[in-house]
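First the structure, in the form of structure tokens, and then the observations on it.
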Amino acid sequence: MSETNPAAAEAAPHRYTAALAAEIEARWQDFWDAEGTYAAPNPKGDLAGDPEVVARPKKFIMDMFPYPSGAGLHVGHPLGYIATDVYARFQRMTGHNVLHTLGFDAFGLPAEQYAVQTGTHPRVSTEANIKNMQVQLRRLGLGHDKRRSFATIDPDYYKWTQWIFLQIFNSWYDQDAQKARPISELVAQFESGERPVPGGRSWSELSSVERADLLSEYRLAYASDAPVNWCPGLGTVLANEEVTADGRSERGNFPVFKAKLRQWNMRITAYADRLLDDLDALDWPEAIKLQQRNWIGRSEGARVDFPIDGEKITVFTTRPDTLFGATYMVLAPEHPLVEKFTPDAWPEGTHEVWTGGHATPAEAVAAYRAQAASKSDVERQAEAKDKTGVFTGAYATNPVNGQRVPVFIADYVLMGYGTGAIMAVPGHDTRDFAFARAFELPIVCVVEPTDGRGTDPATWDDAFVSHDAKIVNSSGEHVSLDGLNVTEAKARITEWLEREGHGEGTVNFRLRDWLFSRQRYWGEPFPIVYDEDGVAHALPESMLPLELPEVDDYSPRTFDPDDADTQPETPLSRNEDWVNVTLDLGDGPKKYRRETNTMPNWAGSCWYELRYLDPHNSEKLVDPEIERYWMGPREGMPHGGVDLYVGGAEHAVLHLLYARFWSKVLYDLGHISSAEPFHKLFNQGMIQAYVYRDSRGIAVPAAEVEERDGGYWYQGERVTRLLGKMGKSLKNAVTPDEICAEYGADTLRLYEMAMGPLDVSRPWDTRAVVGQFRLLQRLWRNIVDEATGEVTVVDTDDVDEDTLRALHKAIDGVRGDLESMRFNTAIAKVTELNNHLTKRGGPLPRSVAEPLVLLVAPLAPHIAEELWRKLGHTDSVVHQDFPVADPAYVVDETVTCVVQIKGKVKARLEVSPGISEDELEKTALADERVVAALDGAGIRKVIVRAPKLVNIVPA
RNA sequence: GCCGGGUUGGUGGAAUGGCAUACACGGAUGUCUCAAACACAUCUGCCCGAGAGGGCUUGCGGGUUCGAGUCCCGCACCCGGCACCA
């Protein structure tokens, strides 16, 4: 609590109060800014500095940068920033050149929506939010190199985002070399004939449109028609989670249609294998690696062609070994071949449940498609248990045994995965089994069950799914798999399929290309123009940055909510002067139309680590020497990258995968030396907060809830307590500003670090913050006289053993804890030492006070800086060496040895740490409590772990 | 459903297979004070017992081990993520 009693303030005018903390903190924050205390020198360029510091080992310590929201920060936001700051400070004190800074991820939807509502330009509101956040963050004493900060909306920054887009646009993936290469090298291959042009003509015979279309097949950034959730009523495309279960928009409740839209894509799938393989060398949490592996979703299998009417349907299967058990096929409802094979009438004897009650196949297919299209993806998935579908009237042929198999459409098959078609093996696939039962389709057993259920599928309740069993009933004229195990059968059948031209072994990925355009205003404009033939051209580097133009209205044009045949009209497209331009792209002035989509929010965060290194470089994205210095490969980090990247686990796949992808392209093209952006990743937990709800379930202001009689009360009414997220809507937000005002930033920092291990979520408890405040007060009082403000430390060599041991044990423990980011236990060890010193009383020897202050410095930098100055030093505590423990004092003079009998503690002995096992055993067996407890019983065995433990096992 | 993580006092949490409950919050008592606050000191897992002391205890049930919060198997519950992935 802040000091309010005048009498007490008079008695202790120099007590460490909130007011004094505020004064100290403001003073040192000003000092650090003025001195450039946290400036990290580059080896060259405008940020070059002290060669001695540059020569040290480097540490690049980074946070996931924030989006500057209008709501400002609550105490949950800075958790990671404080952690990286403590770690960075520790690294500075252990001889490293530390790069630590923070920028802003400032393009995004909230600012645009605010602009639509208020007419305020997104730049205006965003920059105001950034300013506000900078004030809040500065108050925490974060040691950022502010020269390196930027926002992704700065034209100097997004110039390079656009430049990278052009690098990607102007590249293709060479499958032989397994790397990206400039598109000009592909053109040269086509020109020389080294690579044949599809269709048999020569490159010079192709029109410009044909050339552009061909290159588009190769470019790493390409435009294509992609299915999207189009909402005419809002005039925008929606993400899946913005669409309700019944296919309407969450906002406004308008209908949403699946529409094809010309969109930019990034060919991230070309990198699937490398993104997967390179994970192995990264120091990331296994859980996150696993999520990325699952997201990429590599599966080995085979493509199999099923002949139909002289053509074929190609399926992907991971179980080609079960081909003899394929009794029907299913296509995704959107599959383009469906119309082609749908006959005019139902074949003779078509089963009634197959037709869905429709008179013709065309009618049935149309009805099912309409029904599927009206449902959202979420709903299609929600109804997964009840298998729906309809017969197309067509039959294909199973290549392995020549059997006719009916072709269905069903929405459990997805157009976006594999080939959009499956062979159904109901005997050995759970979903196929359910579908077959619903539609009375034949089920065949081709994998011998190992669970005793027998080989008659009619008696089964579910499919038999196993990868470790014998193949049966799989013998045909041409090939037999009987008796082989699953793995052998896969190899045998794949070989057969390839030999006979019915298919091939293949690898399929779940990963899809990255949809890269948005119909928004507040994003990076594409540096792309279209000529009169509609061919896309890259702007030359000299025309970058392509700045966002002013527009009258930020809202997209809306349409009749029910009119599916509309197209989005982007805000940028309305600025005709900007859109229609005459440019000279090297072949004289010509008319062009600009691309009017903008890049997604991810773009700016895909490469920002690189710009921190060399933020003002106007010639290059980053100077190669500087990049190699901070991020190049090193011992233990073969792909290079940031030394530590801290952020929330919610970015496990998208952001981290996209950033890895961009790194690899830039690496392939020779722009950077690091093939991975983030060598070590750490996911901090969430700070949760209690949510109090009244009897109607409405959240009540958490700050006004009282606890008494074992319950929680708000305005006399009993309320219930649950753990939830912190935020405005749940009325439980606590801001760093209020904690700083009541206790100071050092207390807030300590509390956030002391709450628990950094990687787990834990609830905020404002009442408990005072504990860390008391720690700082006691620390202060151990060094400063509260009445006079004078330092009480004495210069003496005469320090008691207990204190030396307490000090060096603390140094040893805190060092290890900070290195491995166990900040909570580091603080506990500092507390223990400080409590020892409080209890000890008397003036502190300088040789104890100084290391104590240095131990605290990474955690509570302001008070440490103040005490360091009071102790007579004129240089900043930030660049002092972290104390090193004297091993002689880390071990105790005597240790407590526990004597157990059958694992139960029966006696404790004080012994020397160096005691031998024999002597310890003798001492233990001679102890009277042990003798009494053994009560004459013989001894079977004695386990001795000197000097801590003896365990006696009686006969 | 699948994948990942978790479950330790009134609360947040600590514990290389070796004294379970460090450190902090909260609580109790005392010293100081006219009184209170602050500070300092002592106590504070649960049960039995006046006490000495004894028994029990890391979600539940098994197992491995001289010894398990920690390793293995099964179950329950909680939190994330993914989801008809062929």
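Since we're looking at a predicted model, the values are computed, not measured. In what follows, chains are A, B, ... by sequence order, proteins preceding strands, each numbered from 1.
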Step by step, would you call A:Phe435 with A:Phe408 a ring-ring contact (aromatic ring centres under 6.0 Å, His included)?
CA-CA 10 Å; A:Phe435 190 87; A:Phe408 282 72; 5.5 Å; yes
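The phosphate of B:rG12 (OP1 or OP2) has no side-chain N or O of A:Asn824 nearer than 4.0 angstrom. Close to B:rG26, at under 4.0 Å from its OP1 or OP2, lies a side-chain N or O of A:Arg774. Within the 4.0 Å cut-off from OP1 or OP2 of B:rC40, at least one side-chain nitrogen or oxygen of A:Arg778 is found. For B:rA39, the OP1/OP2 oxygens have a side-chain nitrogen or oxygen of A:Gln777 closer than 4.0 Å. Not one side-chain nitrogen or oxygen of A:Lys948 sits closer than 4.0 Å to the OP1 or OP2 atom of B:rG18. A:Asn683 has no side-chain polar atom (N or O) that falls below the 4.0 Å cut-off from OP1 or OP2 of B:rG5. Distances shorter than 4.0 Å separate some side-chain N or O of A:Lys839 from OP1 or OP2 on B:rU42. At the phosphate of B:rC85, OP1 or OP2 sits under 4.0 Å from a side-chain N or O atom of A:Arg431.
Atom CG in A:Leu949 sits about 14 Å away from atom C1' in B:rA20, given to the nearest Å. Atom CH2 of A:Trp780 and atom C1' of B:rC40 are 20 Å apart (whole Å). The distance between atom NZ of A:Lys289 and atom P of B:rG4, rounded to the nearest whole Å, is 15 Å. A straight line from CG of A:Asn835 to P of B:rA39 spans 13 Å, rounded to a whole angstrom. Atoms CD (A:Gln900) and P (B:rG18) sit 11 Å apart, rounded to a whole Å. Here B:rG4 presents its P atom at 12 Å from CZ of A:Arg293, a figure rounded to the nearest Å. Residue A:Lys906 contributes atom NZ, which lies 14 Å from atom P of B:rG53 at whole-angstrom precision.
Between A:Phe773 and A:Tyr16, the angle of the ring planes lies from 30° to 60°, which puts this pair in the tilted group.
Nucleotide B:rG9 forms a pair with no other nucleotide shown, judged by Watson-Crick or G-U wobble geometry with both contacts under 3.5 Å. Under the Watson-Crick or G-U wobble criterion, with both distances below 3.5 Å, B:rG61 is paired with B:rC73. When Watson-Crick and G-U wobble pairs are counted only if both distances are under 3.5 Å, B:rC43 pairs with B:rG27. Across all strands shown, B:rG51 forms no Watson-Crick or G-U wobble pair with both distances under 3.5 Å. With a cut-off of 3.5 Å on both Watson-Crick or G-U wobble distances, the partner of B:rA86 is given as none. With both pairing distances under 3.5 Å, B:rG80 is matched to B:rC3 as a Watson-Crick or G-U wobble pair. Base pairing of B:rG18 is made with B:rC66, judged by Watson-Crick or G-U wobble geometry with both donor-acceptor distances under 3.5 Å.
Atom CD of A:Glu504 sits in a crowded spot, with more than 12 heavy atoms from other residues, nucleotides or ligands closer than 6.0 Å. With a 6.0 Å radius and a threshold of 12 heavy atoms from other residues, nucleotides or ligands, A:Lys312 has its NZ atom at or below the threshold.
Nearest to the side chain of A:Arg781, among B:rC85, B:rA14, B:rA39, sits B:rA39. You'll find that the side chain of A:Val413 is closest to B:rA86, out of B:rC85, B:rA86, B:rC84. Residue A:Thr831 has its side chain nearest to B:rC23 when only B:rC23, B:rC19, B:rA14 are considered. Ranking B:rC38, B:rG18, B:rA24 by closeness to the A:Gln772 side chain, first place goes to B:rA24. You'll find that the side chain of A:Trp295 is closest to B:rC82, out of B:rC19, B:rC82, B:rC66.
Within 90° of 0 lies the glycosidic angle of B:rG9, which makes this nucleotide syn.
In this structure, a donor-acceptor pair under 3.5 Å is present between the side chains of A:Arg822 and A:Ser820. Between the side chains of A:Thr838 and A:Asn782, at least one donor N or O sits under 3.5 Å from an acceptor N or O.
Side-chain contact between A:Trp780 and A:Arg15: absent, with no pair of heavy atoms (C-beta onward) separated by less than 4.5 Å.
In terms of position along RNA chain B, the nucleotide closest to A:Ile943 lies nearer the 5' end than the nucleotide closest to the other residue of the pair A:Asp432 and A:Ile943. Nearer to the 5' terminus of RNA chain B, by closest-nucleotide assignment, is the contact made by A:Ala754 (compared with the other of A:Arg512 and A:Ala754).
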